[in-house]
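Read through the structure below, which is laid out as structure tokens, and then see the notes.
Note that the coordinates shown come from a computational prediction; the quantities given were computed from them, not determined experimentally. Heads up: numbering here begins at 1 and tracks the sequence.
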Amino acid sequence: MNYLLSVVLLPILVGSALAGAALLGPLRQRAAIIECCVAYGLAIAFLISFVHEVDLPALLRQLPVELKDDDAPFERWHQLGLVALLLTVVSPVLALLPAAMPRHRRALVIAATLLSACGAAAFVAFPGVSNGSRALFAATCALSSGAIAMCGLRTAMCALAVACAGMAACAVMTGFPSLAVMCVALAGTAGSIALVGCWSRSPRMHSVAGAISVVSGTLAGTAAACGAAYASGNVPSWTWNALAVGVPVAGALLYRWTRVAPMKHARMIDTN
């Protein structure tokens with residue numbers, strides 16, 4: 001019980017509380033604040049889950065610091081924690097910079113998406129890494145971020161929750177419980193944010209292009225690359241990328257259909 005509380009429930013509570021404070025608090029009409037808190041909540045939830053599942057030295061081992069009396073082996077999958085840490089640091093910048101430069105918002109979002117995807121693929125190396133796998137890694141992160149950027153807040157968080165829940169199931173079948181609990185923590189946080197977004201006091205965000213889409217897509221793409229690198233015969237390696245990209249794409253299509261259909265219906269009524 002203590003394990004589940006620290007590795008799953010605590011990250012969900014912290015991440016959803018941060019997002020909920022922005023969605024339901026006095027600053028809920030400021031899109032940049034909501035974007036910052038939601039993106040930060042997702043990243044910090046994954047980071048907390050990683051630290052409690054492994055340990056803090058495993059995270060510090062990824063940084064250029066010396067740990068006294070530390071002789072534990074360096075494990076490549078621990079770079080998941082480093083990605084979450086970096087996203088936690090940069091997510092406020094990704095949210096506030098486009099708000100400060102609204103004329104260049106689209107260019108800034110595209111640049112941030114590509115930079116995050118290519119940076120993760122260039123510096124995060126899982127077992128069996130090759131030029132092809134790096135290209136697939138970058139494409140997965142970019143496509144996932146791009147699809148999520150086309151959704152509203154609730155649809156985006158539901159898509160991320162479903163994708164991460166599917167990857168958690170794959171991790172269990174692969175014999176990778178550590179990755180499974182982190183995906184469950186991220187899925188639970190995203191699902192909780194989606195539920196908070198359904199409250200009447202919560203503002204309706206029609207686009208999460210920016211910090212939310214970049215953080216969501218990068219986390220999903222990195223988890224997919226990690227799972228695919230350690231995939232066993234029970235789960236084909238392509239399944240991870242299909243979940244990380246396919247579910248957000250389906251969410252974007254569904255969101256577009258639910259928005260376009262009522263508009264067409266309203267036009268038909270006006271014409272008649």
Side-chain angles (χ1 to χ4, degrees), residues 4-49 84 87-88 91-92 94-96 98-99 102 105 109 144-145 147-166 168 182-220 247-263 265-266:
L4 292 177
L5 288 174
S6 63
V7 178
V8 177
L9 185 58
L10 178 62
I12 293 175
L13 290 176
V14 172
S16 57
L18 288 170
L23 287 169
L24 303 176
L27 297 176
R28 63 180 179 273
Q29 300 303 326
R30 296 182 175 242
I33 300 299
I34 296 176
E35 186 179 350
C36 177
C37 290
V38 171
Y40 188 85
L42 293 172
I44 198 67
F46 196 94
L47 180 61
I48 292 173
S49 181
L87 290 174
T88 302
S91 57
L94 293 177
L96 299 177
R105 179 177 180 84
V109 171
S144 182
S145 296
I148 291 174
M150 299 172 64
C151 300
L153 178 62
R154 289 177 294 178
T155 305
M157 293 299 97
C158 287
L160 180 61
V162 173
C164 290
M182 294 174 201
C183 289
V184 169
L186 184 57
T189 304
S192 299
I193 295 173
L195 289 176
V196 173
C198 293
W199 289 15
S200 59
R201 291 181 58 198
S202 174
R204 299 294 178 261
M205 289 187 65
H206 298 297
S207 174
V208 294
I212 298 175
S213 62
V214 172
V215 169
S216 299
T218 304
L219 286 175
V247 175
V249 168
L253 294 175
L254 177 62
Y255 180 72
R256 180 176 176 79
W257 180 78
T258 55
R259 288 197 67 192
V260 172
M263 293 174 62
H265 182 66

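- Between Val208 and Leu153, the shortest heavy-atom distance links the atoms CG1-CA, 3.6 Å.
- No donor-acceptor distance shorter than 3.5 angstrom exists from the side chain of Ser202 to the backbone of Cys198, with no hydrogens or angles considered.
- Once rounded to the nearest 0.5 Å, the distance linking CG of Leu254 with OG1 of Thr258 reads 5.5 Å.
- Leu13 CG to Leu18 CG: the interatomic distance, rounded to the nearest 0.5 Å, is 11.0 Å.
- By the 4.5 Å heavy-atom criterion applied to side chains, Leu94 and Val109 are not counted as neighbours.
- You'll find the side chain of Val14 reaches within 4.5 Å of the side chain of Ile48, heavy atoms only.
- Ile12 and Ser16 get closest at one heavy-atom pair: O-OG, 2.5 Å.
- Annotation: side chain to side chain contact (heavy atoms under 4.5 Å, CB included) contacts of Ile33 (sequence neighbours excluded): Ala22, Leu27, Arg30, Cys37.
- Minimum interatomic distance between Leu5 and Pro11 (heavy atoms only, all atoms of both residues): O-CD, 4.4 Å.
- A donor-acceptor pair under 3.5 Å links the side-chain atoms of Thr218 to the main chain of Val214, judged by distance alone.
- The CG atom of Leu42 sits 7.5 Å away from the CD1 atom of Ile212 when rounded to the nearest 0.5 Å.
- The main-chain N or O of Gly15 is never found under 3.5 Å from a side-chain atom of Tyr40 such that the two would form a donor-acceptor pair.
- For the residue pair Ala211 and Ser91, the shortest heavy atom distance occurs at CB-O, 3.7 Å.
- With hydrogens and angles ignored, the 3.5 Å screen pairs no side-chain donor or acceptor of Ser216 with any backbone N or O of Ser213.
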Pair Val8, Ser49 - check side chain to side chain contact (heavy atoms under 4.5 Å, CB included), show working. CA-CA 6 Å; Val8 177; Ser49 181; 5.8 Å; no
Side chain to side chain contact (heavy atoms under 4.5 Å, CB included) between Tyr255 and Met150, intermediate numbers included: CA-CA 8 Å; Tyr255 180 72; Met150 299 172 64; over 6 Å; no
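- In terms of heavy-atom proximity, Ala43 sits nearest to Thr88 at CB-OG1, 3.4 Å.
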Contacts table for residues 154-165: side-chain donor-acceptor under 3.5 angstrom, sequence neighbours left out:
none

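- Annotation: side chain of Leu4 is not in contact with side chain of Leu9 (no heavy-atom distance under 4.5 Å).
- Arg105 meets the salt bridge (charged side-chain N to carboxylate O under 4.0 Å, His left out) test with Glu35; sequence neighbours excluded.
- Nearest approach of Leu24 to Arg28, heavy atoms of both residues: O-NH1, 3.5 Å.
- The line from CG of Leu219 to OG of Ser145 is 9.0 Å long, rounded to the nearest 0.5 Å.
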